[in-house]
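Following: one structure in structure tokens, then a few remarks.
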Amino acid sequence: MTATAEAPTAPRDVSAVVAALRVTYESGRTRPLEWRREQLQGLRRMLVERESELLAALATDLGKPRAEAWATDVGFVISEIDHVLRHLRSWARPERVWAPLVTRPAKARIVREPFGVALVIAPWNYPIQLLVSPMVGALAAGNCVVAKPSEVAASTSAALARLVPKYVDTDAVAVVEGGVAETQALLAERFDYVFYTGNGRVGRIVMEAAAQHLTPVTLELGGKSPVIVEESADLHVAARRIAWGKYLNAGQTCIAPDYVLVSAGLEDRFVEEIRRAVFDFYGSDPKASSDYGRIVNQAHVQRLAGLLGDGHATIGGAVDEAERYVAPTVLQAVPADAAVMRDEIFGPILPVVPVDGIDAAVEFVNGCERPLALYLFTASRSVRDRVLSGTTSGGVAVNATMFQVAVPALPFGGVGPSGMGAYHGKASFLTFSHAKAVLRKGPKPDPDLAYPPYTARKERLLRRFL
Ligand code: NAD
């Protein structure tokens, strides 16, 4: 069941789409592990067989370099599917738990069952990964899924709407294209789970809509992910890893390094290392490099251009609106209250802010909203411990950027304004599963102990064995 780009699903049709999936869910068809595995294998085949169509769509939408697009959108999800296929049987096995004496003889188990019909809403920046990876979790857990790609990455949305139905059970999976109106029509329906990735403003709309049906949500949001570069860090390696994480997908990554807090004495050397990294990666004219992406649309180019005035662009600073190009940029001398230090940048602009030692850096981070990711570059164990225990974030990478998401056994998600809930690997399976508590007893024995009339002796025994 698909609404294509040429004929988006009209709001009134959305109820029929959801109702049809619910019939499938109630039939029990999605419960067997074999059915779930077939769906995941189908999505995997789609990614392998249709790779060139998918990469072409990503190139149209975001000018994604081929290797980057494969690694972060296509290959990423293939690895996720392989990981889930490898472990699904053991994750789905009921988990036996201890039963206290007063309940015995009895068997207590946690049975993971699907919620029912799930809604997955994706953004545009990794438009394949961020739609298909949550679908993998939802299907692995035995749910039906309505998948809503982002209209902002229009070519990829159209490609997914065309391709997904060719590879999965269309009675259980529907791709619904569209923008605000279509998403709000979907949100008015009763789903059993809503999984949203995108900005916090819409996250609030999603949560409010889900609240009307008391539907549980996962919100994968964004924010400003800080980087701390401490005195003992290897500056050359730190700069390369930060520049890579920042300028990948032209900075349009939810866990991209947003700004750098660097020990004051190192600022200039650090910026020179970033300059070298940018040159090594993209040459003297990044605009001409086939390895540097583009901004998704003109409105975002204008937004980013507006941020350039918030500091002194010591690297980059060039903008070509017609080509949706914003150069890899470093801003220095940025006032603390500038917009570029308040809002998530979501583009290739890196403010570098000098701080007076590690305590000042930790204080700075704690003065801001809890981030999705925090990056620390240091060779010191005590600094690492100080930052890990003194800050809260969705995730942390030490002496690296972004790679925390490439470990499927690590849950990925935010905390506070950067999101709630987590996914990837087992966390995805658990997110999309209801943990049903099951206690099983036989008819005998059936002692009087728990029944009225309560006597002093019964109370004594209860106090001892409960
Ligand atoms: P977007 O504009 O594509 O919006 C996301 C989804 O919400 C889309 O499917 C869109 O159709 C829908 N939507 C937009 N406005 C809506 C409305 N008023 N009502 C209902 N639905 C609506 O993407 P975006 O929000 O610009 O994405 C960028 C943001 O997402 C950044 O803040 C980024 O940090 C965050 N993000 C988070 C993650 C993560 O995994 N935590 C990943 C990527 C992006």
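Both counts, for ligands and for their atoms, begin at 1 and track the order of listing.
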Under 4.0 Å, heavy atoms only, figure out whether ligand 1 is touched by the backbone of Val206, its side chain, both or neither. neither
Proximity of Glu151 to ligand 1 by residue part, where a heavy atom lies under 4.0 Å: side chain
Mind checking whether [X] and [Y] have side chains closer than 4.5 Å, heavy atoms only?
{"X": "Val340", "Y": "Val334", "value": "yes"}
{"X": "Leu58", "Y": "Arg66", "value": "no"}
{"X": "Val206", "Y": "Val202", "value": "yes"}
{"X": "Gln184", "Y": "Val180", "value": "yes"}

Report, in ascending order of atom number, the atoms of ligand 1 lying under 4.0 Å from any heavy atom of [X].
{"X": "Leu130", "result": "42 (C), 43 (C)"}
{"X": "Thr183", "result": "11 (O), 20 (C), 21 (N)"}
{"X": "Ala122", "result": "5 (C), 6 (C), 8 (C), 9 (O)"}
{"X": "Gln184", "result": "17 (C), 18 (N), 19 (N), 20 (C)"}
{"X": "Ile121", "result": "6 (C), 7 (O), 9 (O)"}
{"X": "Gly222", "result": "34 (O)"}
{"X": "Phe346", "result": "28 (C), 31 (C), 33 (C), 34 (O)"}
{"X": "Leu372", "result": "41 (N)"}

Is the closest N or O pair between [X] and ligand 1 shorter than 3.5 Å?
{"X": "Lys148", "result": "yes"}
{"X": "Glu344", "result": "yes"}
{"X": "Asn125", "result": "no"}
{"X": "Ser150", "result": "yes"}
{"X": "His300", "result": "no"}
{"X": "Leu221", "result": "yes"}
{"X": "Phe412", "result": "no"}
{"X": "Trp124", "result": "yes"}
{"X": "Val180", "result": "no"}

Verdict with reasoning, Arg201 to Ile205, per side chain to side chain contact (heavy atoms under 4.5 Å, CB included): CA-CA 7 Å; Arg201 183 186 59 79; Ile205 294 173; 4.1 Å; yes
Chi angles and distances behind the ring-ring contact (aromatic ring centres under 6.0 Å, His included) call for Phe195, Tyr423: CA-CA 10 Å; Phe195 188 104; Tyr423 75 129; 4.7 Å; yes
Closest protein heavy atom (residue, atom, distance) for [atom]:
{"atom": "atom 27 (O) of ligand 1", "value": "Pro123 CB, 3.6 Å"}
{"atom": "atom 14 (C) of ligand 1", "value": "Val202 CG2, 3.8 Å"}
{"atom": "atom 35 (C) of ligand 1", "value": "Gly198 O, 3.4 Å"}
{"atom": "atom 25 (O) of ligand 1", "value": "Asn199 ND2, 2.6 Å"}
{"atom": "atom 39 (C) of ligand 1", "value": "Cys254 SG, 3.4 Å"}

Could you walk me through whether Val319 and Leu304 pass the side chain to side chain contact (heavy atoms under 4.5 Å, CB included) check? CA-CA 9 Å; Val319 174; Leu304 291 164; over 6 Å; no
Check the orientation of [X] and [Y]. Use parallel for under 30°, tilted for 30 to 60°, and perpendicular for over 60°.
{"X": "Trp91", "Y": "Phe429", "value": "tilted"}
{"X": "Tyr193", "Y": "Phe115", "value": "tilted"}
{"X": "His87", "Y": "His83", "value": "tilted"}
{"X": "Trp124", "Y": "Phe346", "value": "perpendicular"}

With rounding to the nearest 0.5 angstrom, report the CD to CZ distance, Glu95 to Arg112. 5.5 Å
contact_flag Tyr196 ligand 1 heavy-atom lt 4.0 Å: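 Contact present.
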Take Tyr375 and Val396, measure what side chain to side chain contact (heavy atoms under 4.5 Å, CB included) needs, and give me the verdict at the end. CA-CA 6 Å; Tyr375 301 114; Val396 179; over 6 Å; no
Output, in order, the C-alpha distance, side-chain angles, deciding distance and verdict of side chain to side chain contact (heavy atoms under 4.5 Å, CB included) for Tyr259 and Leu261. CA-CA 7 Å; Tyr259 60 91; Leu261 301 172; 3.7 Å; yes
Is a side-chain donor or acceptor of Asp192 paired with a backbone partner of Val117 at a separation under 3.5 angstrom?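 Confirmed, Asp192 side chain pairs with Val117 backbone.
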